[in-house]
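Read the structure below first, then the notes.
By convention in this document, chain letters (A, B, ...) are assigned in the order of the sequence lines, proteins followed by strands, and residues within each chain are numbered from 1.
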Amino acid sequence: MTHSEPRAGQSAARGLNDKSIRNLFIFPTIAFLIIFNIFPLLFSLYTSFTDFRASTNAPANWVGLENYSYLLTNEFIWRNFTITAKYVLISVTGQVVVGFGLAMLLNRYMPFKGLITTLLLLPMMLSMAVVGLFWKLLYDPNFGIINHSLGLGKFEWLANPDMALWAVAITDIWMWSPFVMLLSLAGLSAVPKHLYEAAEIDRAGTFYTFFRITLPLVAPILMIAIIFRTMEAFKTFDLAYILSSQPTTELIAIRLYKMAFLEWQTGLSSAFAYIVLVMVVGITMIYVKYLNKVKER
Amino acid sequence: MSTKLKGLLGGVVMSAMAVTAASAEDLVIFWAEWDPANFLQELVNEYEEETGVSVTVETTPWSDFQTKAFTEFNARGSAYDMIVGDSQWLGAASEGGHYVEMTDFFAKHNVGDVMAPATVKYYAEYPGNSGKFWSIPAEGDAVGWSYRTDWFEDPAEMKAFKAKYGYDLAPPATWAQLLDIAEFFHRPDEDRYGVAIYTDNSYDAMVMGVENAIFSYGAELGNFETYEVEGILNSPEAVQALEDYKKLYSYTPPGWAKTFFVENNQAITEGLAAMSMNYFAFFPALLNEATNPHAANTGFFANPAGPTGAQHAALGGQGISVVSYSDNQEESFAFLEWFIREDVQKRWAELGGYTAHAATLESEEFRQATPYNEAFYQTMFKVKDFWAVPEFAELLTAANQRLYPFIVGDEGTAQETLDALAADWAATFKKYGRTE
């Protein structure tokens, strides 16, 4: 007894060894990932090849590639893809132009620069649902401030099928340009000042300086912003869902939600989700490849 | 084991037993978040006073109602003992095994005769004419209309209307008159518009609106027994009905492209429109001066007749069903026995619930109770409903995808729209093996 007591004391003092600590951190994480990520991913891959409907007690029947072929040949699904592509293009382009432009303006001396930057960042800190409801009022043809300010009378932003997608994209641009601005600002402030001084000595013009110095050096970080914003824009749901009910604003995320949780076509919606996943991964890979090229220059 | 420890364990066991006994007497009813759910909570408080069994009405916003209910069903969850579900859910919930069959309960308590026939047909029976019942009609509802009595009774307006259309300005008795009146009051320059209709295509709003026209024009959505739609859904009567619904859209206030019950009540409360389509369940708010400054000048009428004289309306409302996964099914049926009692149904109506109880509905007391009860009474015997098959949501999606571009987006013709929709629905029924 007299010997065992000090040994127990030593063991307690030593505590857990490195391996135990590693396992203690890793195993719960792996278990969590398997239960909440890997298993649902594999299960949904399986259901994507079945006619499973979660709302019934009927067993799932294997249908092979039927769900995928149905989705890829369905005119409405293609319309959803086209709308989404158009939305991503308008929204991300707008955010890059506005965000980068704001970053250029803020990348110089101005009074209250910190306060202005903070204020410009406010939109992206708001909830999507709140922004959607708020902009719905701004767009209102009867009392909306947008029509009033622009002198557009009773112009219908959201009720007009041709304008609705633009209206949603404008809202998204308003909300997320600050994100691009923030990253661009970080990139711009990292550009060595001596390069501009050298360009000035060489009497390089503004455009030349921008395209030969600023843009190439900011491009990698701008590319990261574009990757994030493209992925986010691709899966936009709340903003479009709240703002408009037009078929011309039915993005793939909205269609997927309806298919999965209103129609309970679980198998079909799983296949749809996989198609979207492959597309997002594909687009991201193209961007990443381009990003690596830009970095190598 | 010490006496102290034994005492402690005994206390824990006793507490656990008490909790079990109490939970067996706590019933939970799930419904959407709206006034009738509050009225039901008031009613069930009286059940607790009588029996000692507490009943809680748990609610969720309408936009989330279907998703939350079916998520609970799919998980075979016992969170809810009863659910006041939409009539369209009958097929999905009964075939999916989520509702307890009530055919024996119907026979024992003669529910089929006690409740208004249309409510039994659409809220309770599935498949149609099968004699199998799954719900007790709880909240009867249908689409009706509200209107501005002061605009209609203004002598100058009456004179101008008669001069233009050749008949007296009054609540419309036909859809032709509805169109005339909507056109007459549509004056964008004066910020005054003809009519407010449903246009939201997120779920069933716009389809319910269009149904009002289709049914009253003598057309049908299809044959509910054979699932045939071709030649029925796209019949000349249905085409005319859809054209006229679109015409009504041209008399709506600006931005009227995603509207449902909230916006349609606002059309009256904000003095925007002369007439507004809405479910009767939302009319109490229009008589409340706190929420409607025009409450004293708001009147109500039933959905008008179509060109053939047929007069119908789209069914709203819900039936109350016992959830298959409930641990308190026996207590739930005991509650339903109490709920269908005539005195309870009368009390339900007094509190503001729209009873489906035939005797209560027909009573003079009920019909005179509010300015809209008479229109409600007339309507509840003429209602028709959407498909209640398990794939109803797919049918709704197709309808929204076809109807909305025509009504709001001005794309194609009514004939093309309904031809395409008939083809979509036929394909869906074929996919689920309902047709060859």
Side-chain angles (χ1 to χ4, degrees), chain A residues 51-58 63 66-67 70 74-77 79-80 129 132 136-144 146-147 152-164 167 240-250 254-255 257-266 268-269, chain B residues 63-64 66-71 73-76 89 91-98 188-189 191 193 199-206 249 252-260 270 272 324 390-398 400-405 408-411 420 424 428 431-432:
Chain A
D51 63 356
F52 181 54
R53 292 173 71 91
S55 61
T56 68
N57 280 323
V63 294
E66 206 176 284
N67 288 337
Y70 169 80
N74 185 292
E75 61 165 309
F76 289 114
I77 299 295
R79 195 191 284 180
N80 297 134
K136 204 173 172 185
L137 297 176
L138 297 182
Y139 283 131
D140 193 286
N142 292 307
F143 51 78
I146 293 177
N147 280 359
L152 293 173
K154 302 229 164 175
F155 184 75
E156 298 196 351
W157 289 89
L158 300 169
N160 182 338
D162 299 326
M163 278 312 298
Y241 194 73
I242 290 168
L243 273 173
S244 167
S245 140
Q246 298 274 1
T248 51
T249 58
E250 195 178 73
I254 296 175
R255 184 71 199 96
Y257 161 74
K258 286 181 179 173
M259 198 183 274
F261 300 109
L262 292 180
E263 298 164 18
W264 292 104
Q265 301 196 74
T266 318
L268 193 67
S269 55
Chain B
S63 53
D64 199 28
Q66 191 213 358
T67 311
K68 199 167 174 187
F70 274 83
T71 304
F73 291 160
N74 300 343
R76 318 281 184 259
W89 299 3
S94 60
E95 285 192 13
H98 310 310
D189 296 343
D191 261 346
Y193 304 91
T199 58
D200 188 350
N201 66 351
S202 308
Y203 182 50
D204 64 354
M206 189 185 59
Y249 176 69
T252 59
W256 219 251
K258 188 181 169 71
T259 55
F260 196 15
E270 290 172 14
L272 279 175
S324 299
E391 59 274 17
F392 78 92
E394 283 171 66
L395 302 175
L396 270 180
T397 300
N400 284 324
Q401 283 171 332
R402 296 294 183 188
L403 296 173
Y404 193 92
V408 177
D410 198 23
E411 282 178 28
D424 291 343
T428 304
K431 181 174 136 191
Y432 288 98

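Here the closest heavy-atom approach between residue B:Ser202 and residue A:Leu262 is recorded as O-CD1, 4.1 Å. Shown here for A:Lys154 and B:Pro254, the closest heavy-atom pair between the two residues is CD-CG, 3.7 Å. Between B:Gly255 and A:Ala159, the shortest heavy-atom contact is CA-CB, 3.8 Å. In this structure, A:Trp264 and B:Thr71 approach most closely via the heavy-atom pair CH2-OG1, 3.6 Å. Summarising the geometry of B:Val408 relative to A:Gln246, their closest heavy-atom pair is CG1-NE2, 4.0 Å, with the distance given to 0.1 Å.
Atoms CG and CH2, on A:Asn142 and B:Trp256 in that order, are 8.0 Å from each other to the nearest 0.5 Å. Rounding to the nearest 0.5 angstrom, the gap separating the CD atom in B:Glu394 from the CG atom in A:Leu268 is 8.0 Å. The distance from the CZ atom of A:Arg53 to the OH atom of B:Tyr432 is 3.5 Å, given to the nearest 0.5 Å.
Taking A:Pro141, A:Pro247, A:Pro161, A:Ala164 one by one and counting their heavy-atom pairs under 4.5 Å with chain B, the maximum is reached by A:Pro247. No other option in A:Ala58, A:Ser244, A:Gly144 has as many heavy-atom pairs under 4.5 Å with chain B as A:Ser244.
Interface remark: A:Tyr257 contributes side-chain atoms only to the contact with chain B (heavy atom separation under 4.5 Å). For B:Lys431, the part sitting under 4.5 Å from any heavy atom of chain A is the side chain, from C-beta outward, and nothing else. Only the side chain of B:Asp424 has a heavy atom closer than 4.5 Å to any heavy atom of chain A. Neither the backbone nor the side chain of A:Glu66 comes within contact range of chain B, judged by heavy atoms closer than 4.5 Å. For A:Leu243, the part lying near chain B is the backbone, with the side chain staying farther off; criterion is any non-hydrogen pair under 4.5 Å. Residue B:Phe73: no heavy atom, backbone or side chain, is found under 4.5 Å from chain A. Neither the backbone nor the side chain of B:Phe260 comes within contact range of chain A; no heavy atoms are under 4.5 Å apart.
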Exercise. Would you sort out whether A:Arg255 and B:Gln401 count as a side-chain contact (heavy atoms from CB on, under 4.5 Å), showing the intermediate values?
Key: CA-CA 11 Å; A:Arg255 184 71 199 96; B:Gln401 283 171 332; 3.7 Å; yes

Practice problem: Evaluate side-chain contact (heavy atoms from CB on, under 4.5 Å) for B:Thr397 paired with A:Glu263, printing each intermediate quantity in order. | Solution: CA-CA 8 Å; B:Thr397 300; A:Glu263 298 164 18; 2.3 Å; yes

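Residue-environment remark: CZ (A:Phe261) stays at or below the threshold of 12 foreign heavy atoms within 6.0 Å. More than 12 heavy atoms of other residues, nucleotides or ligands sit less than 6.0 Å from atom CZ of A:Phe155.
We find that A:Glu156 and B:Lys258 are not joined by a salt bridge, their nearest charged nitrogen and carboxylate oxygen being 4.0 Å or further apart.
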